[in-house]
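Read the structure below first, then the notes.
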Amino acid sequence: MQLIECPWCGPREEVEFSYGGQAHVPYPESPAELDDEQWAHYVFFRDNTRGTLAERWNHGAGCRRWFNAMRDTVSYRFSAVYRTAEPMPASVPLTGAGSSSASATTSTTTSTTTTGR
Amino acid sequence: MSPTTTPRSTTPRTPGADLPEHPDSLWRNPEPKKAYDVVIVGGGGHGLATAHYLVKNHGITNVAVLEKGWLAGGNMARNTTLIRSNYLWDASAAIYEHSLKLWEGLEEDLGYPILFSQRGVLNLAHTLQDVRDSVRRVEANKLNGIDAEWVDAEEVAKICPIVNTSSDIRYPVMGATYQPRAGIAKHDYVGWGFARRISDAGVDIIQGCEVTGFVRDGDRVTGVRTTRGDIACGTVALAAAGSTSVLTDMLDVRVPIQSHPLQALVSELLEPVHPTIVMSNQVHVYVSQAHKGELVMGAGVDSYNGYGQRGAFHVIERQMAAAVELFPVFARAHLLRTWAGVVDTTPDASPIISRTPYENVYLNCGWGTGGFKATPGLGWVFADTIANGEPHPYAAPFSLDRFTTGALVDEHGAAAVAH
């Protein structure tokens, strides 16, 4: 079992966490002015980066708080975790597969929502 | 059935002894030409099948299938081979049933044994809501001409005696939907059968050829940049499953898919114990027994986005716990191997078969966890869409603009799909 570093609780097993998808997707500033296509992009479209992605995570079995993380979607290695009020770390090199620059924590995750069929 | 099939061996049964021999030649490995009428990106089942029907139905043979790895080595080599068409909505039923009908004649069409075995699928119901949803789906299937019936727990025990139908378990079996025409096929042979056929017809299958960019001219793509040089093209068809976003990002086309690891596993080779396919949404199991004798099981997707073709072990652990709950006899089997593929999931759990903002670029993706069963059906309608420049009627409901219009084909809770 891999460990994920919660910014409040420290390293915990990945089954304690749930995944919240791409981070830093703000609610539209003027929702009434959005057309259908803009709404579609807000509701349904997210980055699907092959490489480092800023993501939301929730420590559901611990402090139950949300935080953000930078994670490589190929190696699954976390390069940074930070609280939601904090800006995305600029110092994290946005590298792709097999990045050796990752620091801080190791990891991967949890819960299943979809299955094969 | 191909003449290469050998007779079933006598006792003692050696696992794999009744599998057919391969022909002497399968496909050519040509150098890429300078230009093709159609370039298909992705040498998995969907890409190969699309090339097959471009040849067979439309007479288009100046086609290249580009594969960054090896032929049919992505999800085609990693799926659990279940084939069925018992989806709820009309749009899904149409394309999956079209596909199932093609599976029924595919061995003859390809002249290659694919071991398509129509052993039926049971989709178990464990709660009253499961029962209501299942009966509704059976009725919808019947209206769409799909074989489907509701069977009670006693019938389940007759069809598949190893299912625990005792009322004294955490999720008792209250009945099931049954589609007798559902089945499994030998996935590698399917890929190889398509490859052999299209290669003979003049299609170039180019392995180890990764697309690194596109040459654009206004709203057209005139060429594909690859690790084996630039290739000019009349039309581009994307069939890259989990890697689709990498390609669409190069084209500045945004696609609502998220790539996830999806794991599966097999037991060691066992004597035949499991005569059908059993799926359960509630207990999170889908299992069949392969021709060679392995029990083949699929897990749920790992929750995070991932391109790594591997997942976390606790997902497998939960999968095994669920399987043993439902099939107590499995407790004595050993796990032989686990692996993962990268699946392209969409917000409504339905695929995207669509035109794009580029006049000559066509998109097939978003099959998520269930694309194998659609291989011939998708190939047929995607080839038709490419050849005619407009969506085949079975493809039309799955266009990219449904996320803007709101006309989703929501198979999340509706299909016989485990989520």
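So that the names make sense, note that chain A is the first sequence line, chain B the second, and so on, each numbered from 1.
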Under 4.5 Å from a heavy atom of chain B, the part of A:Asp47 involved: both
I need the [X] [atom1] to [Y] [atom2] distance, nearest 0.5 Å.
X: A:Phe44; Y: B:Arg402; atom1: CZ; atom2: CZ; value: 9.5 Å
X: B:Gln258; Y: A:Leu53; atom1: CD; atom2: CG; value: 8.0 Å
X: B:Asn305; Y: A:Gln22; atom1: CG; atom2: CD; value: 9.0 Å
X: B:Leu400; Y: A:Phe45; atom1: CG; atom2: CZ; value: 5.5 Å
X: B:Thr405; Y: A:Glu37; atom1: OG1; atom2: CD; value: 11.5 Å

Short side-chain to backbone donor-acceptor contact, B:Tyr304 and A:Tyr19, under 3.5 Å: no
Donor-acceptor contact present, side-chain B:Arg310 to main-chain A:Ser75, <3.5 Å: yes
Non-hydrogen atoms of B:Tyr307 and A:Val74 that approach each other most closely: CB-CG2, 4.0 Å
Nearest atoms (heavy-atom pairs only) where B:Ser245 meets A:Asn48: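 Shortest heavy-atom contact: OG-ND2, 2.7 Å.
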Most contacts with chain A, counted as non-hydrogen pairs under 4.5 angstrom, among B:Gly306, B:Ser243, B:Gly371: B:Gly306
Residue, of B:Ala264, B:Pro347, B:Pro261, that accumulates the most heavy atom pairs under 4.5 Å with chain A: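 Answer, by heavy-atom pair count under 4.5 Å with chain A: B:Pro347.
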What part of [X] is in contact with chain A, defined as an atom under 4.5 angstrom from a non-hydrogen atom: side chain, backbone, both or neither?
X: B:Gln263; answer: neither
X: B:Val255; answer: backbone
X: B:Ile83; answer: neither
X: B:Phe313; answer: neither

Audit row: A:Val15, B:Arg318, side chain to side chain contact (heavy atoms under 4.5 Å, CB included) steps and yes/no: CA-CA 11 Å; A:Val15 289; B:Arg318 287 176 188 172; 4.0 Å; yes
No-hydrogen, no-angle side-chain donor-acceptor test under 3.5 Å, B:Thr404 and A:Asp36: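 The answer is no; no qualifying pair exists.
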